[in-house]
There are 2 protein chains.
Amino acid sequence: MAEGPTITTIAERAGVSIASVSRVLNGLPTRQETVRKVMAAAEELGYVRNAVARSLKSRRTHQVAFAMADVGNPAYLAMLRQIQPVLKAAGYRIVLHSTDAVVADEIDVLHSLGERYVDGLIMSPLRVTGRHLQMLATARAPVVIIGSVPEGTPVDNVRADSRTGVKLAIDHLHALGRRRIGMVNGPPDTVPGAARGAAYIEALEACGLPYDENLVQIGDFYRAEGGRAVAALLDRVPDLDALMCANDLIALGALDVLRAAGRRVPQDVAVVGMDDTDLAAASWPSLTSVSLGSAERGKAAAELLLDRLQHGEREPRVVTVPPRLVVRASTTGEEEGGT
Amino acid sequence: MAEGPTITTIAERAGVSIASVSRVLNGLPTRQETVRKVMAAAEELGYVRNAVARSLKSRRTHQVAFAMADVGNPAYLAMLRQIQPVLKAAGYRIVLHSTDAVVADEIDVLHSLGERYVDGLIMSPLRVTGRHLQMLATARAPVVIIGSVPEGTPVDNVRADSRTGVKLAIDHLHALGRRRIGMVNGPPDTVPGAARGAAYIEALEACGLPYDENLVQIGDFYRAEGGRAVAALLDRVPDLDALMCANDLIALGALDVLRAAGRRVPQDVAVVGMDDTDLAAASWPSLTSVSLGSAERGKAAAELLLDRLQHGEREPRVVTVPPRLVVRASTTGEEEGGT
DNA sequence: TTGTAGGCGTTATCAG
DNA sequence: CTGATAACGCCTACAA
């Protein structure tokens, strides 16, 4: 933990000016002799360049922030897993923010861009409020939003297509002969909550199934809350034969509660989750789940941000990642073996 | 994305000196009138203080790095989940590094402390090599290691007690009447690999069970590798009746392979994992697992680092977190219902 | 090719 | 109480 050497220290040691040291360190044309002396001094002193000073001068931090709603949700992790290598390869560090989907915290993160400790931000908000849009419009660094923002918002935008995703799931359940399909959703004031709720109604109608509002239960995007919501739903509609869950955590809660209630999955009640997280493959029974392409969305977001960082101003872009239904035992009863 | 205002901008606008602006912004005693003018100007301009310049001056970045081996392993996530709020509450941001347990990458991270972009580091290396120790001895910022380092290494150290943990598991299996207990371990040149391998032998002897090296199979700490290792082990020792797996991912791989091989869990083969991750509770059958206190270790690490950052030099500390056996269906056959 | 000097935005010292 | 002014460590004209 010794005092770190600076270019001044090196300059003294090598008997040259700090300008020469800087030049050598940055590979600018310099006399061989000088290069040798500087390198030798730097080596002996164990010099490492100071990133902070460099940032102040260059106005670039080589850091990018990623703001996730919930560190406990594997869907965000899947994004992070893809974001990480893309940014790292381009020489960026990742600063992690966990907002717990609290709007004030998200606004804080947006506001803190003004502190200029990062060159850009990838954010995945659950709600997009007026304040969000206002902050986004005046953000002091490029932002990529994973989730949907209104047209005209001056940020790059990576979207999932949960509408089609829900339709894939409902069609699948319908094809399996299910007719009383319940929906366990997260808060309707969240972007995914609203989209998935609307998509459910739409998909039912497309199948020719009647929409019964008793079949819809609002909870939250966590396992315990999901379980509670399912319990309430079962209570009200004992004869339902399938559950569309707005994410995998809710679906796990559903499995908990159904098991406790003695309902067999999928014989009595088929269950579908969303996000196709690692948990879906590990659960019992394994969970049919709609992949919304978390990994792909993370990768796309990182690439959009990099492009923006490297090429500066341009029109905002929108990338939409298509969903995919991953069928497992919770709807078909067939556990896959092997790896 | 307008040019950001600086204290100079504010000073001009308010008609005072930059020194006064700085004072007001830092809450130092100032005349009311001046305060008012400065605040008004700052408000109008949407001023946000520049973190980089502030860091250069104060030699504090208010950032802490967390270097995890594997973003895909929920055990590290559990740590992160605890580290995050502790550091955030103290005003620190988290910079995330994923090293994939590659020694060179970990050394890089240690080396990069010299760049002074963080005030400290929490690292959880799988291996601790000579180079690690060498870098730790000369690290340019406080480091907390999650994992075991030799006595005398000048860093704070949070340890799991996998020796006791393995013993808990073996005792449990022995008490259930299992006598041919296999071990699926990660690489023996890793700290946990070595510790758990030795603990297995020790625990067997403590139970009065003979040690048979055929019962030990080396793989790696991932699901697919774990599965392959189990397959090899089953091939060689068809009559084993229990598996001690060195982490939960390996155990999941074991479940995959056992299912494919038509062995019932736990009737034919009981399975125990380690780390007690979310996956253990979600898997089928749910997984008995030894909790090594990932969450507690993360919390302890964050607190040690904070203490060090706030109080400066002091003797290195060692915190050891006790293990806990979490019994589930993969050894007893009884699925818990409910949440 | 090399050195001197100014500035990136803040904080802090020291006279007024 | 306030205003110059000097750092913090680095980069980069500009001049020698």
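Lettering follows sequence order; numbering is per chain, from 1. Predicted model only: the values in this text are computed from it and were never measured.
Look at S22(A) and you'll find a side-chain N or O under 4.0 angstrom from OP1 or OP2 of dC11(D). Distances shown here put every side-chain N or O of S17(A) at or beyond 4.0 Å from the OP1 or OP2 atom of dT4(C). For the pair R31(B) and dT2(D), the criterion of a side-chain N or O lying under 4.0 Å from OP1 or OP2 is met. Between dT10(C) and Y47(B), a contact under 4.0 Å exists linking OP1 or OP2 to a side-chain N or O. Of the side-chain N and O atoms in R54(B), one or more sit less than 4.0 angstrom from OP1 or OP2 of dT11(C). Checking the phosphate oxygens (OP1, OP2) of dC8(C), no side-chain nitrogen or oxygen of N50(B) falls inside 4.0 Å.
The listed nucleotides are dC10(D), dC8(C), dT11(C); the one nearest the side chain of T6(A) is dC10(D). Checking dA4(D), dA7(D), dC11(D) against every side-chain atom of I18(A), the shortest atom distance belongs to dC11(D). The T34(B) side chain lies nearest to dT2(D) when the options are dT10(C), dT2(D), dG3(D). When each of dC1(D), dT10(C), dC11(D) is scored by its nearest atom to the side-chain atoms of A53(B), the top-ranked nucleotide is dT10(C). Nearest to the side chain of I7(B), among dC10(D), dC8(D), dT11(C), sits dT11(C).
Residue R23(B) is classed as a base contact, given a heavy-atom separation below 4.0 Å to a base. Using a 4.0 Å heavy-atom cutoff across all strands shown, L25(B) reaches no nucleic acid atom at all. Residue V16(B) is in sugar-phosphate contact alone, with no base atom involved, counting any heavy-atom pair closer than 4.0 Å across all strands shown.
The existence of a salt bridge linking D105(B) and K88(A) is confirmed by a sub-4.0 Å separation between a basic side-chain nitrogen and an acidic carboxylate oxygen. Using a 4.0 Å cut-off between charged nitrogen and carboxylate oxygen, R314(B) and D156(B) count as a salt-bridge pair.
Of the residues near DNA chain D, A19(B) and L56(B), the one whose nearest nucleotide (by heavy atom distance) lies more toward the 5' end is A19(B). Summary of the strand contacts: S20(B) and R49(A) both lie near DNA chain D, and taking for each the nucleotide with the nearest heavy atom, the more 5' one is attributed to S20(B).
Counting heavy-atom neighbours within 6.0 Å of E43(B) CD, excluding the residue itself, gives a total of 12 or less. Annotation for E315(B): atom CD does not count as buried by contact number, only 12 or fewer foreign heavy atoms lying within 6.0 Å.
Below 30°, between 30° and 60°, or above 60°: for Y92(B) and H62(B) the angle between ring planes is between 30° and 60°, a tilted geometry.
Summarising the geometry, the separation between CZ on R116(A) and C1' on dC8(C) is reported as 12 Å, rounded to the nearest angstrom. In this structure, K37(A) places its NZ atom 12 Å from C1' of dT1(C), rounding to the nearest Å.
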